[in-house]
Peer 1: 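First, the structure itself, so that you have it in front of you.
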Amino acid sequence: MKLVSTVAALALAGSLGVSAHADEITGAGATFPAPVYSAWGEAAKSAAGIELNYQAIGSGGGQNQILNRTVDFGASDAPMSPDKLASGNLLQFPTVMGAVVLIVNLPGIKPNELKLTGDAVGAIYLGKITKWNDPELEKLNPGVKLPSTAIAPVYRADGSGTTYVFTSYLSAVDPDWKAQVGAATSVKWAAGNGAKGNDGVAALVRQVKGGIGYVEYAYASKNGLTTTELRNHDGKFVAPTAASFDAGAANGDWKGAKNFAVNLIDQPGAESWPILSPTFIELPKDPKDPAHSLAVMKFFDWAYSHGAEQAKKLDYIPLPESVENAVRASWKADIKGPDGAPVWK
Amino acid sequence: MSEAAIPTIATPHRRTSGALGDRMFAGAAVAAGVFVLVLLGAIILSLFIGGLPSFRAFGLGFLVQSDWDPVQQIYGAAVPIFGTLVTSVLALLMAVPLAFGIAFFLTELAPHWVRRPVGTAIELLAAVPSIIYGMWGFFVIVPAMADYIEPHVIDTLDGIPVLENLFAGPPFGTGLFTAALILAVMVIPFIAATMRDVFLTVPSVYKESAYGLGCTTWEVVRSVVLPYTRSSVVGGIMLGLGRALGETMAVTFVIGNTNRITANLFGSGNTIASLVALEFGESQTGSLKLSSLLALGFILFVISFIVLAISRLLLRPSAEAGARK
């Protein structure tokens, strides 16, 4: 009897607790945007009265959890396939963009001094170019003294959105890569060593002389790693800077993209950085709890309007304003409460 | 009067509560025992069912297929099985002699005031989280291996058949050998602590008799202590092997995470636990990849079971021989 009443009291307290925190939202998924989401979450707590609980468990895990409806929203780096979005009855929208850059460990080479092409990077990761003084690399870098050190390619050993973006780029620019390896969150690497996480790749490249790796730009700038220039779609060599990221993002075909799954890889434009990608949120179109769904939308609405500076500080690229307005319009059109009325007003 | 009243009231009361308590305790103990069995069965079953689509798709070929290609949806377990076995066996080869030395020193040779601090230090080593070993391995051992040990070993062994292939460049620092080294450090405390504890259970009468017959310390250990404690020593080694087979984080840091089979011990590889941990986050429900990872978990279970079974088999003849004596 006593046990029963205790359980009842606990349950009551639990339900009260939940209703008291109606503006507490939970999300799970991609690790790449986790730093900016937590920065936004911290700021939005006082500014918008919404508390975000975000678990960076990986894009695949985030997609699983939102398909099972165990969280309020899912987050993934690679866009979800249109079939899955339809069968899961989900709306997908982008939040911020990120750039993937190449880092090298070559004593004497300054940041952005080395010039690389997609073909050359593909050949390095396929194990076809094995020395830094390979004729192909020397041809790209006249005037730079390249050592005879063996190239040690480093890749992400864990499945990751970063690998998806990087291999998508190699597949787009290097036919050999597309035929032999392809693009996915983890692939069958032909050469090199794997390390766990962006920081693991950065640390391994820093440790191994002759190392080359790919990381999110934030990790490269934060840790002062030696980045390289890359040849873009227009044949120009560009350095990874905020300006080249913005140029690449502006040239993406946002209007033509279904489910906002825009392709920002190897976009035209003389200034465009070729390896960019948006990161996405998946939100149920038929929310069980419209209040939570509304809080999620309010949170990202606040982030679009007020979070751009914070995102830039963390080396992310904010979305163009026209895209943000298109996302708001899609909230209104697609997310309906049980009564059929739009949740977002 | 009160003296007489107390036993007459208390005795029957104690008897009934004792019988009830006995039954409750027996029930609880049986439930605990059954619970372990049910839990084990449920885990094996759910791993097998989860891995079934993968077993169906690849058949027995799953065990020998060395491709792990998420793009083409081809998955094989050969590389992680190979890496798991090689690193674990290598780790035991390094750890067992050292652990034996530690236990031998602590029980037979060390002065009494040394035994407790060293013993506590060994137990503390066992309590260090594996991620710490991983970071230590990555930031300390890997550079040391890459800069000093591997280049020297490769140069020295160059030209000697077999050995030159087992230890070949380039010296990355990461790889099967480094992983085995870290694993050895991790399992030493388990094996050493078990050995020390069982060495202490040898009745001193036996040892003193042997000393009395003029045996040296080594002869006493070889002919009295080891035969007496043989099954427990093997048990301790198996405990270490079990830890080495399932170790995840520390291995991930230093093994190089390459899905290729190589005879080169300085080359990189992968283990079952490491591969599952790395790939799990990006595996979607219902995908062949997730199923293959669960199948790998099932295979690890089977490997552990085989290891246990072999250790039991190894122990049986000695038990019978002991009984005959």
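In what follows, every chain begins at residue 1, and chains take the letters A, B, ... in the order their sequences are listed.
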Peer 1: Any chance CG of B/Leu39 has more than 12 other-residue heavy atoms, nucleotides or ligands included, within less than 6.0 Å?
Peer 2: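 More than 12 within 6.0 Å, yes.
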Peer 1: Can a donor-acceptor pair be found, under 3.5 Å and without considering hydrogens, that links the side chain of A/Asn64 to the backbone of B/Ser283?
Peer 2: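 Confirmed, A/Asn64 side chain pairs with B/Ser283 backbone.
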Peer 1: Under 4.5 Å, counting heavy-atom pairs only, tell me which of A/Gly211, A/Ala30, A/Ala191 racks up the most with chain B.
Peer 2: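 Top count of heavy-atom pairs under 4.5 Å with chain B: A/Ala191.
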Peer 1: What part of A/Ala78 gets within 4.5 angstrom of chain B, counting heavy atoms only: side chain, backbone, both, or neither?
Peer 2: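 Looking at A/Ala78, nothing touches chain B.
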Peer 1: So what's closer than 4.5 Å to chain B heavy atoms on A/Val187: side chain, backbone, both or neither?
Peer 2: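 For A/Val187, heavy atoms of backbone and side chain both lie under 4.5 Å from chain B.
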Peer 1: Answer with side chain, backbone, both or neither: which region of B/Phe253 has an atom nearer than 4.5 Å to a non-hydrogen atom of chain A?
Peer 2: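 Neither part, no heavy atoms under 4.5 Å.
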Peer 1: Against chain B, label A/Ser59 side chain, backbone, both or neither, depending on which of its atoms sit under 4.5 Å from a heavy atom there.
Peer 2: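 For A/Ser59, heavy atoms of backbone and side chain both lie under 4.5 Å from chain B.
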Peer 1: Under 4.5 Å heavy-atom distance to chain B, tell me which part of A/Leu204 shows up: side chain, backbone, both or neither.
Peer 2: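 Both parts, heavy atoms under 4.5 Å.
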Peer 1: Locate the shortest heavy-atom distance separating A/Tyr155 from B/Gly256; write the atom from each residue and the value.
Peer 2: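 Residues A/Tyr155 and B/Gly256, closest heavy atoms: OH-O, 4.5 Å.
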Peer 1: Considering only heavy atoms, which portion of A/Ala56 lies under 4.5 Å from any heavy atom of chain B: side chain, backbone, both, or neither?
Peer 2: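 The answer is neither part of A/Ala56.
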Peer 1: Go through the atoms of A/Lys209 and report whether side chain, backbone, both or neither lie under 4.5 Å from a heavy atom of chain B.
Peer 2: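 A/Lys209 has no heavy atom closer than 4.5 Å to chain B.
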Peer 1: Would you list the pairs meeting salt bridge (Lys or Arg N to Asp or Glu O under 4.0 Å) in which at least one residue belongs to residues 178-198 of chain A, sequence neighbours left out?
Peer 2: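 Qualifying pairs, neighbours excluded: A/Lys188-B/Asp67.
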Peer 1: Out of B/Asp147, B/Thr174, B/Val142, which residue meets the side-chain contact (heavy atoms from CB on, under 4.5 Å) rule with A/Gln207?
Peer 2: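 Result for side-chain contact (heavy atoms from CB on, under 4.5 Å) with A/Gln207: B/Val142.
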Peer 1: Between B/Asn257 and A/Gly194 (side chain of the first, backbone of the second, donor and acceptor by atom type, cut-off under 3.5 Å), is there such a pair?
Peer 2: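 A pair under 3.5 Å: yes.
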Peer 1: Which of the residues B/Lys289, B/Arg260, B/Glu279 is involved in the greatest number of heavy-atom pairs with chain A at under 4.5 angstrom?
Peer 2: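 Between B/Lys289, B/Arg260, B/Glu279, the count favours B/Arg260.
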Peer 1: Under a 4.5 Å heavy-atom cutoff, which of A/Gly192, A/Gly197, A/Ser76, A/Gly161 has the most pairs with chain B?
Peer 2: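 Among the listed options, the one with the most contacts to chain B is A/Gly192.
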Peer 1: By a 4.5 Å heavy-atom criterion (distance strictly below it), what part of A/Ala203 contacts chain B: side chain, backbone, both, or neither?
Peer 2: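 Interface part for A/Ala203: both.
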Peer 1: Under 4.5 Å heavy-atom distance to chain B, tell me which part of A/Ser160 shows up: side chain, backbone, both or neither.
Peer 2: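 A/Ser160 touches chain B through backbone heavy atoms alone.
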Peer 1: Given that the side chain runs from C-beta out, which part of B/Met135 has a heavy atom under 4.5 Å from chain A: side chain, backbone, both or neither?
Peer 2: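 Interface part for B/Met135: neither.
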Peer 1: For chain B, which candidate among A/Gly200, A/Gly159, A/Ala183 shows the most heavy-atom pairs at distances under 4.5 Å?
Peer 2: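 Of the options given, most contacts go to A/Gly159.
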Peer 1: With a 4.5 angstrom heavy-atom cut-off, is it the side chain or the backbone of A/Ala150 that approaches chain B, or both, or neither?
Peer 2: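 Neither part.
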Peer 1: Do the side chains of B/Phe280 and A/Asp158 get nearer than 4.5 Å, heavy atoms only?
Peer 2: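 Not touching, per the 4.5 Å side-chain cut-off.
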Peer 1: Would you say the side chain of B/Thr258 lies within less than 4.5 Å of the side chain of A/Asn193, judging by non-hydrogen atoms?
Peer 2: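 Result yes, sub-4.5 Å side-chain heavy-atom pair found.
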